[in-house]
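Have a look at the structure below before the remarks.
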Amino acid sequence: MLQEALREIQRGSAEIIDMPRVETLLKAYYNEGKTYTVKAGFDPTAPDLHLGHTVLLQKLATFQKYGARIQFLIGDFTAQIGDPTGKSATRKTLSQADIIENAKSYKEQVFKILDASKTDVVFNSEWINPLGASGMLTLTTTYNVARMLERDDFDKRYKSGVSISISEFIYPLLQGYDSVHLQSDIEIGGTDQKFNLLMGRYLQRAYEIGKEQSVLMMPILEGLDGVQKMSKSLGNYIGVADEANDMFGKVLSISDELMWRYYELLSTKSLDEIDVLKQGITDASLHPKSVKEDLAMEIVARFHSAEAAKAAKEEFDNVHAKSQIPTDIEEFECDGAVWIAKALVDCNIAPSTSQARRDIKQGAVKIDQEKISDEQLQLSKGEYILQVGKRKFAKLKVN
RNA sequence: GGUGAGAUAGUCAAGUGGCCAACGACGGCGGACUGUAAAUCCGCUCCCUACGGGUUCAGAGGUUCGACUCCUCUUCUCACCA
C-alpha cells in the first residue's frame, strides 16, 4: 500500500527534493492516520485552464488519495507583482472584484479534479497584507542579492543588462513566505518554479517553524504538436472548457508517442494498468487507436460526463470512420444568390475569398458531400452543408 | 554618453535600382496514404468575383521613368566601448 502510494506520487514528476520526508509523512498517515498539507499556488489572472494546468491538479488529487490536505493558494497579492518569468514585466493589477470572480470560476473547474472536502482555498493577501513594512523588512533580511541572482532568469537578465525591478526580487520571498505561514509539508509546482519552491523550504528554516517542505516538480505538458509546451497562445491546447466533441477529437489527434505522456500525466489509471495497455499494443492484442480512444473518453468524462464522452465517441465514429456529417453544425443565413467563395468566408470556414478559391481549386470544398470545382459557383435559394477539408463544416440557408 | 550593425510576410531568413507579391526553411492549410496517429509523397500559403487589379519589405519624406534595394530624418533592436 505504502509502496503503491509512493510510486503514484512520484509518477511523472520531473524532480523531487527531499523524498525521504515525503516517505515519512506517508508512513505517518498509514500508521497513525496523520494527515499532512500540500501547497500549490495559482495565479488569479487566468481561470481559463487547459490540460497543462491540470497536470498539477491531477497530482494534488493523487496526494488527496493518500492522506493529504490541499492548500490551494490563490496568489492575489503576488499577482500584483507578477512572477518574473522573464516575460514583459508589468501586468495590470486586478481589482478585488475581478479576483473574486476569477477565484469562483477556478473553483468550478478545479473541483472537477480535486476533492473539495480535502481542499482549503486560501488567498495570500490574507497574511501578506498584515505583515506591514516591518514584517516585510524582516523577510528581506533572510536573503541576499547574490543568492537571488543565482536564479537563472535573473542571472541572464542581469548579465545582459535587462532591468530587474526590486519588486521582482520580492516575489520569490513572498511565495516562500506563504509556505511559512501555511506550514506546508510539501509544495508542488512546475519545473520552471524550482527557485521559488526552494525558497519556501529555505524560509521555513529561516523562520524556524520546525519543518522544511519537500518539493515536487511536475514537467511542463507538451501541446498537441508534441513539441512545444501546451499553451493557449500557441493554439496547441485542450481547454478544460472545450466542447466534448472537440476535446475528444483533439486527444485523438495526438501522436501515439505523446499518448503515453498524456497517460502518465493526465490519466487516473494506475501505472500497472497502463503497463497492461502498453503490453497489449506490443503483442498486437490492442489497437493503438482504441487505447487512445479510452484516454479521450476518460478526459472528456472528467470535464463533462460519462454520457458526453460516449456521445463524443459515437459522433466521432460517424463523422470520421463513416465520414458522415456531424450532427451539430453552426448555421448561417443570407439573402439572395451567394458566390461560393464569399459564402465560405461568411460561414467562418475560410479566412478570405482568396483562400476559399484555393481550397476549391485543391478539391477541399464539398457541398452536401459533393466535391465541387467551380470557383464561380453561385448558390441559389436553398439549404446547403458546406465543408472545407475534413474538419470544417457549416450549414448555410440562402433566402 | 561614444562607435558600429540591423529592422523583410505567422516565425527564422535570402534579396543591395527593373527579371519581386519578394529564394529558402519551419509552421499552417489542402490532397494521397492511414487509425482525423506518426512517417512519407504532392500542392497551396498578402488581399480583391481575379488570365486582371490593389496594398506590402519599421515610420515619414526625397532622388529616379522605376526602389525592399540609393539619400535624409524619426522610432526601435543589437554589438562593442565608456
- Query: Parallel, tilted or perpendicular for A:Tyr143 and A:Tyr202, by the 30°/60° rule?
  - Reply: perpendicular

- Tell which nucleotide pairs with B:C76, taking only Watson-Crick or G-U wobble pairs whose two distances are both under 3.5 angstrom. B:G6

- Task: Just call it for A:Lys250: base, sugar-phosphate, or nothing, with non-hydrogen atoms closer than 4.0 Å on any strand.
- Result: nothing

- For B:A32 versus B:C26, give the span between their P atoms, rounded off to a whole number of Å. 22 Å

- Task: Name the nucleic acid region contacted by A:Leu258, choosing base, sugar-phosphate or nothing; use a 4.0 angstrom heavy-atom cut-off, strictly under.
- Result: nothing

- Note on the structure: RNA chain B nearest-nucleotide lookup for A:Gly363 and A:Gly249: closer to the 5′ end is A:Gly363

- Query: Closest heavy-atom contact between A:Ile329 and A:Pro326?
  - Reply: CG1-O, 3.5 Å

- Message: Could you identify the nucleotide paired to B:U34, looking across every strand shown and requiring Watson-Crick or G-U wobble geometry with both distances under 3.5 Å?
- Response: none

- State the pairing partner of B:U55; accept Watson-Crick or G-U wobble contacts with both distances under 3.5 Å, and report none otherwise. none

- Message: I want to verify a distance call: between B:A37, B:U36, B:G30, whose nearest atom is closest to the A:Ala364 side chain?
- Response: B:G30

- Quantified in whole Å, what is the P atom distance between nucleotide B:A9 and nucleotide B:C68? 14 Å

- Message: Would you measure the distance from the P atom in B:C46 across to the matching atom in B:A21 and give it in whole Å?
- Response: 13 Å

- Message: Both A:Val345 and A:Ser255 contact RNA chain B. Which one's nearest nucleotide lies toward the 5' end?
- Response: A:Ser255

- Query: A:Arg391 side chain: which of B:A38, B:U34, B:U36 is closest?
  - Reply: B:U36

- Query: Does the ring centre of A:Phe123 sit less than 6.0 Å away from the ring centre of A:Phe77?
  - Reply: no

- Query: Which nucleotide, B:G35, B:A37, B:C44, lies nearest any side-chain atom of A:Gln362?
  - Reply: B:C44

- Message: When the C1' atoms of B:U64 and B:C70 are compared, how many Å lie between them, rounded to an integer?
- Response: 10 Å

- Message: Any side-chain N or O of A:Arg358 below 4.0 angstrom from OP1/OP2 of B:C47?
- Response: yes

- Query: Reckon A:Ser352 has a side-chain N or O less than 4.0 Å from the OP1 or OP2 of B:C48?
  - Reply: yes

- Message: Give me the atom names and distance for the closest heavy-atom approach of A:Gly52 to A:Met230.
- Response: N-SD, 3.4 Å

- Query: Just how far, in rounded Å, is P of B:A38 from NZ of A:Lys292?
  - Reply: 7 Å

- Note on the structure: Per atom distances to the A:Asp359 side chain, the nearest of B:C29, B:A37, B:U36 is B:C29

- Task: Check whether the side chain of A:Lys390 and the base of B:U34 form a donor-acceptor pair under 3.5 Å.
- Result: yes

- Query: Okay, side chain of A:Thr62, backbone of A:Gln58: is any donor-acceptor separation there less than 3.5 Å?
  - Reply: yes

- Item | Pairwise C1' distance for B:U8 and B:A22, with rounding to whole Å | 9 Å

Please list every donor-acceptor pair under 3.5 Å in which a side-chain atom of residues 280-299 of chain A meets a protein atom from a residue at least two apart or in another chain.
from     : atom 1 : to       : atom 2 : distance (Å)
A:Thr282 : OG1    : A:Lys278 : O      : 2.8
A:Asp283 : OD1    : A:Ser285 : N      : 3.0
A:Asp283 : OD1    : A:Ser285 : OG     : 2.8
A:Ser285 : OG     : A:Gly280 : O      : 3.3
A:His287 : ND1    : A:Lys289 : N      : 2.8
A:Ser290 : OG     : A:His287 : O      : 2.9
A:Lys292 : NZ     : A:Ile254 : O      : 2.7
A:Lys292 : NZ     : A:Asp256 : OD1    : 2.9
A:Glu293 : OE1    : A:Lys313 : NZ     : 3.4
A:Glu298 : OE1    : A:Ser267 : OG     : 2.8
A:Glu298 : OE2    : A:Ser267 : OG     : 3.2
A:Glu298 : OE2    : A:Thr268 : N      : 2.6
A:Glu298 : OE2    : A:Thr268 : OG1    : 3.1
A:Glu298 : OE2    : A:Arg302 : NH2    : 3.0

- Message: Please name the nucleotide paired to B:G27 by Watson-Crick or G-U wobble geometry with both distances under 3.5 Å, or report none.
- Response: B:U45

- Taking atom C1' of B:U36 as reference, at what distance in whole Å does atom CZ of A:Phe393 sit? 10 Å

- Message: Ignoring hydrogens and geometry beyond distance, is the side chain of A:Asp256 in donor-acceptor contact with the base of B:G35 at under 3.5 Å?
- Response: yes

- Task: Under a 3.5 Å limit for both distances, which nucleotide forms a Watson-Crick or G-U wobble pair with B:G61, could you say?
- Result: B:C71

- Query: Does A:Lys289 place a side-chain N or O at less than 4.0 Å from the phosphate oxygens OP1/OP2 of B:U36?
  - Reply: yes

- Once the angle between the rings of A:Phe72 and A:Phe42 is folded into 0 to 90°, is it parallel (under 30°), tilted (30 to 60°) or perpendicular (over 60°)? parallel

- Message: Nearest whole Å is fine: how far is B:U34 C1' from A:His287 NE2?
- Response: 9 Å

- Message: Would you measure the distance from the C1' atom in B:U55 across to the matching atom in B:A5 and give it in whole Å?
- Response: 30 Å

- Message: Nearest whole Å is fine: how far is B:A39 P from A:Ile254 CD1?
- Response: 14 Å

- All pairs passing side-chain hydrogen bond (donor to acceptor under 3.5 Å, both in side chains) where residues 112-125 of chain A contributes a residue, at least two apart: A:Gln64-A:Thr119, A:Arg69-A:Asp120, A:Asp76-A:Ser125, A:Thr78-A:Asn124, A:Asp115-A:Ser117, A:Asn124-A:Asp178

- From CD1 of A:Ile360 across to P of B:C29 the rounded distance in Å is 19 Å

- Message: For A:Glu15 and A:Thr191: C-alpha separation, side-chain torsions, deciding distance, then whether side chain to side chain donor-acceptor pair (under 3.5 Å) applies.
- Response: CA-CA 8 Å; A:Glu15 190 179 351; A:Thr191 46; over 6 Å; no

- Message: Can you give me the closest heavy-atom contact between A:Ile220 and A:Arg261, atom names plus distance?
- Response: O-NH2, 4.0 Å

- Using the C1' atoms only, state how far B:U49 lies from B:G54, rounded to an integer number of Å. 14 Å

- Item | Pairing nucleotide - B:G17, Watson-Crick or G-U, each distance under 3.5 Å | none

- For A:Lys313 and B:U36, what is the distance between atoms NZ and P respectively, to the nearest whole Å? 11 Å

- Message: Would you measure the distance from the P atom in B:G10 across to the matching atom in B:C57 and give it in whole Å?
- Response: 13 Å

- Query: Can you give one letter per nucleotide of nucleotides 49-57 of chain B, going 5' to 3': B for a protein heavy atom under 4.0 Å from the base, S for sugar-phosphate only, - for none?
  - Reply: BB-------

- Task: Send over the distance from A:Asp225 CG to B:A37 C1', rounded to a whole Å.
- Result: 14 Å

- Message: In whole Å, I'd like the distance from the CH2 atom of A:Trp260 to the C1' atom of B:A38.
- Response: 15 Å

